[in-house]
Amino acid sequence: MGNDVEAIGRPSVDDTPAAWRPTLGAWADEDATRFRVWAPAPRSVDLVVAGEAAAPERMARDQHGYWELRTADVRTGDRYWYRLDGDRMLPDPASRFQPEGVHGPSEVIAPRAFAWTDLGWMGTSLQHLIIYELHIGTFSPAGTFAGAAARLDEVARLGATAIELMPVAEFPGERNWGYDGVDLFAPSRAYGTPDDLRSLVDAAHALGLAVILDVVYNHLGPEGAYLTAYSPDYFTERHRSPWGAGVNLDGAHSEHVRAFFIENALHWLTEYHVDGFRLDATHALCDDGPQHFLAEWVSRVRAAHPRAIVMAEDERKLRRMVSPQAAGGWGFDAVWADDFHHHVRRLLAGVRESYFA
């Protein structure tokens, strides 16, 4: 464990979540809905409401390539596309829900309409953190958020103090371990609705269980990954990963890419009340810039949610990952280590490739 954090959990009612507002995706803005997307590549971006006869609405572009539109003609539950250059219709990169899958339209969601009951939730102590890793698709016969919520009492009786949800971001198909997600802001429709996930988190907190979310920022899945249609600067050939081109965290326009992933974390913390994160394969997030993306990400998460727990899966065993930022470290609470698993699997199964070498 790195930082001396006494407790994890959702900040109190007077803290930042109530004041946080999205800057990407679609969100309620008084009597209208505001849309905003970073798309420097296309010459024009239109909002198209699915199934409506109304004409597409042209969005306004700023100097940095962000397109924005505020309209009273689109409400919660409406489905929409972004039309690029008058031709290609694609889902929102910051879509909150993809009810028809990765190739379908995005849906406008109202997170503030959910009736939370966890306002008194203060989290659990880091020293007593006992994590139960949970895959939504296999944890219950239903394989859904609701099915998992109905069985959480069994996890609590085991003595766990937190559940770690394997990645839930929208993926192609109906079954997935979660590491091929492409819509990083949208809980998978295979597991239920966004409010079903909120109900799961709410139920966990009622049982004294913190909720840690596994997130994947090092790559996107091979199907339905449309980020490069909006900007080629999301990825770079200067860095390579096991999945191809690396995420652009230190090149031209990388500040917008970094902002995208930071907003993703703040969205899960605020709109879903999750208590923290386990970041997948952080060694694949290459950054040669003056401030490593991971340090900035941790700093921004901590500034908004001081009690959030942040863990990294990283094979390098770098001391600076868990050293305090005041001492030049990145500030993670812990590093997820797979060494025991790798040694046992090599011994018993004879596996020797990749990280088993």
Side-chain angles (χ1 to χ4, degrees), residues 1-3 5-10 116-118 120-169 171 175-181 187-188 190-192 194-217 265 268-269 271-282 301 305 307-315 322 332-345:
M1 296 295 179
N3 297 326
V5 181
E6 292 184 355
I8 63 171
R10 195 183 64 81
W116 290 97
T117 65
D118 67 345
W121 168 250
M122 294 300 293
T124 185
S125 70
L126 199 60
Q127 291 76 12
H128 296 91
L129 191 64
I130 302 172
I131 301 171
Y132 182 100
E133 186 178 36
L134 190 159
H135 180 260
I136 294 297
T138 60
F139 180 68
S140 71
T144 62
F145 295 128
R151 298 190 63 182
L152 283 182
D153 59 329
E154 300 173 30
V155 178
R157 287 200 302 270
L158 285 175
T161 60
I163 57 172
E164 180 202 312
L165 300 181
M166 293 175 70
V168 301
F171 52 78
R175 296 176 177 84
N176 199 290
W177 285 121
Y179 298 96
D180 284 332
S188 176
Y191 300 149
D195 276 357
D196 288 339
L197 176 54
R198 293 185 180 93
S199 293
L200 171 60
V201 176
D202 205 43
H205 289 169
L207 290 168
L209 294 168
V211 180
I212 297 167
L213 184 62
D214 195 340
V215 291
V216 182
Y217 294 153
W268 290 118
L269 288 163
E271 296 184 9
Y272 290 91
H273 289 196
V274 303
D275 302 289
F277 301 97
R278 180 260 196 192
L279 277 70
D280 179 70
T282 50
V301 166
H305 297 259
R307 290 192 295 273
I309 187 171
V310 286
M311 301 183 296
E313 180 206 19
D314 202 293
E315 61 187 25
V322 292
F332 280 94
D333 291 305
V335 172
W336 182 283
D338 291 323
D339 291 5
F340 178 76
H341 163 271
H342 296 342
H343 283 298
V344 170
R345 188 167 172 191

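Starting from 1, each residue takes its place in the sequence as its number. A quick note: this is a predicted structure, and the numbers were derived from the prediction, not measured.
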Asks: Please evaluate residues Trp121 and Leu209 with respect to the criterion side chain to side chain contact (heavy atoms under 4.5 Å, CB included), reporting the C-alpha separation (whole Å), side-chain torsions for both, the decisive distance (0.1 Å), and the verdict.
Replies: CA-CA 10 Å; Trp121 168 250; Leu209 294 168; 5.8 Å; no
Asks: If you measure only the distance, is there a donor-acceptor pair under 3.5 Å linking the side chains of His205 and Asp275?
Replies: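 A donor-acceptor contact under 3.5 Å links the two side chains.
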Asks: Show the nearest heavy-atom pair for residues Ala265 and Tyr217, with the distance to one decimal.
Replies: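 Minimum heavy-atom separation between Ala265 and Tyr217: N-OH, 3.6 Å.
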Asks: Could you tell me whether a side-chain N or O of Glu313 sits under 3.5 Å from a main-chain N or O of Ala281, the two making a donor and an acceptor?
Replies: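 Present.
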Asks: Which heavy-atom pair separates Asp214 from Glu164 by the least distance, and what is that distance?
Replies: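 Closest approach of Asp214 to Glu164: OD2-OE2, 3.6 Å.
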Asks: Under the salt bridge (Lys or Arg N to Asp or Glu O under 4.0 Å) definition, can you give me all pairs with a residue in residues 143-158, not counting sequence neighbours?
Replies: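 Listed once each, the pairs are Arg151-Glu154, Asp153-Arg157.
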Asks: Do His273 and Asp202 have a side chain donor and acceptor closer than 3.5 Å?
Replies: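 Asp202 and His273 do not have a side-chain donor-acceptor pair below 3.5 Å.
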Asks: Determine, step by step, whether Val322 and Asp333 satisfy the side chain to side chain contact (heavy atoms under 4.5 Å, CB included) criterion, reporting the C-alpha distance in whole Å, the side-chain angles of both residues, the deciding distance to 0.1 Å, and the verdict.
Replies: CA-CA 6 Å; Val322 292; Asp333 291 305; over 6 Å; no
Asks: Enumerate the salt bridge (Lys or Arg N to Asp or Glu O under 4.0 Å) contacts for residues 133-147, please, sequence neighbours excluded, ordered by first and then second residue.
Replies: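 Of all non-adjacent pairs touching residues 133-147, none passes salt bridge (Lys or Arg N to Asp or Glu O under 4.0 Å).
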Asks: Any sub-3.5 Å donor-acceptor pair from His305's side-chain atoms to Ala308's backbone N or O?
Replies: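 Not a single qualifying donor-acceptor pair exists.
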Asks: Can you name the nearest heavy-atom pair linking Ile130 to Gly159, along with the distance?
Replies: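 Minimum heavy-atom contact is CD1-O, 3.6 Å.
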Asks: Which atoms form the tightest heavy-atom contact between Leu269 and Gly276, and what is the distance?
Replies: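 In this case the closest contact between Leu269 and Gly276 is CD2-N, 4.2 Å.
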Asks: Compare every heavy atom of Tyr132 with every heavy atom of Ala160, then report the nearest pair and how far apart it is.
Replies: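 Answer, listing the atom of Ala160 first, then Tyr132: CB-CB, 4.0 Å.
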Asks: Could I get the full list of salt bridge (charged side-chain N to carboxylate O under 4.0 Å, His left out) partners for Glu271, not counting sequence neighbours?
Replies: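 For Glu271, the residues satisfying salt bridge (charged side-chain N to carboxylate O under 4.0 Å, His left out) (neighbours in sequence not counted) are Arg96.
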Asks: Taking the six-membered ring of Trp336, is NZ or CZ of Arg278 closer than 6.0 Å to its centre and within 45° of its axis?
Replies: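 Yes - Arg278 lies over the ring of Trp336, closer than 6.0 Å to its centre and within 45° of its axis.
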Asks: Of the non-hydrogen atoms in Ile136 and Ala148, which two are nearest, and what is the gap between them?
Replies: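 Taking Ile136 first and Ala148 second, the nearest heavy atoms are CD1-CB, 4.0 Å.
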Asks: Do Val201 and Trp116 have side chains that approach each other closer than 4.5 Å (heavy atoms only, starting at C-beta)?
Replies: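 SC-SC contact between Val201 and Trp116 confirmed.
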Asks: Begin with the C-alpha distance, continue with both residues' side-chain angles, and end with the deciding distance and a verdict on side chain to side chain contact (heavy atoms under 4.5 Å, CB included) for Val155 and Phe139.
Replies: CA-CA 11 Å; Val155 178; Phe139 180 68; 3.6 Å; yes
Asks: Using only atom types and a distance under 3.5 Å, with no angle test, would you say the side chain of Thr144 pairs donor to acceptor with the backbone of Gly192?
Replies: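 No, Thr144 side chain to Gly192 backbone: no donor-acceptor pair under 3.5 Å.
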Asks: Check whether any side-chain heavy atom of Ile163 lies under 4.5 Å from a side-chain heavy atom of Ile212, and answer yes or no.
Replies: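 No, every pair of side-chain atoms sits at 4.5 Å or beyond.
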Asks: Walk me through it: do Phe171 and Tyr191 pass the test ring-ring contact (aromatic ring centres under 6.0 Å, His included)?
Replies: CA-CA 11 Å; Phe171 52 78; Tyr191 300 149; 5.7 Å; yes
Asks: Side chains of Trp177 and Met166, heavy atoms from C-beta outward: is any pair under 4.5 Å?
Replies: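 When only atoms from C-beta onward are counted, Met166 and Trp177 do touch, with a gap below 4.5 Å.
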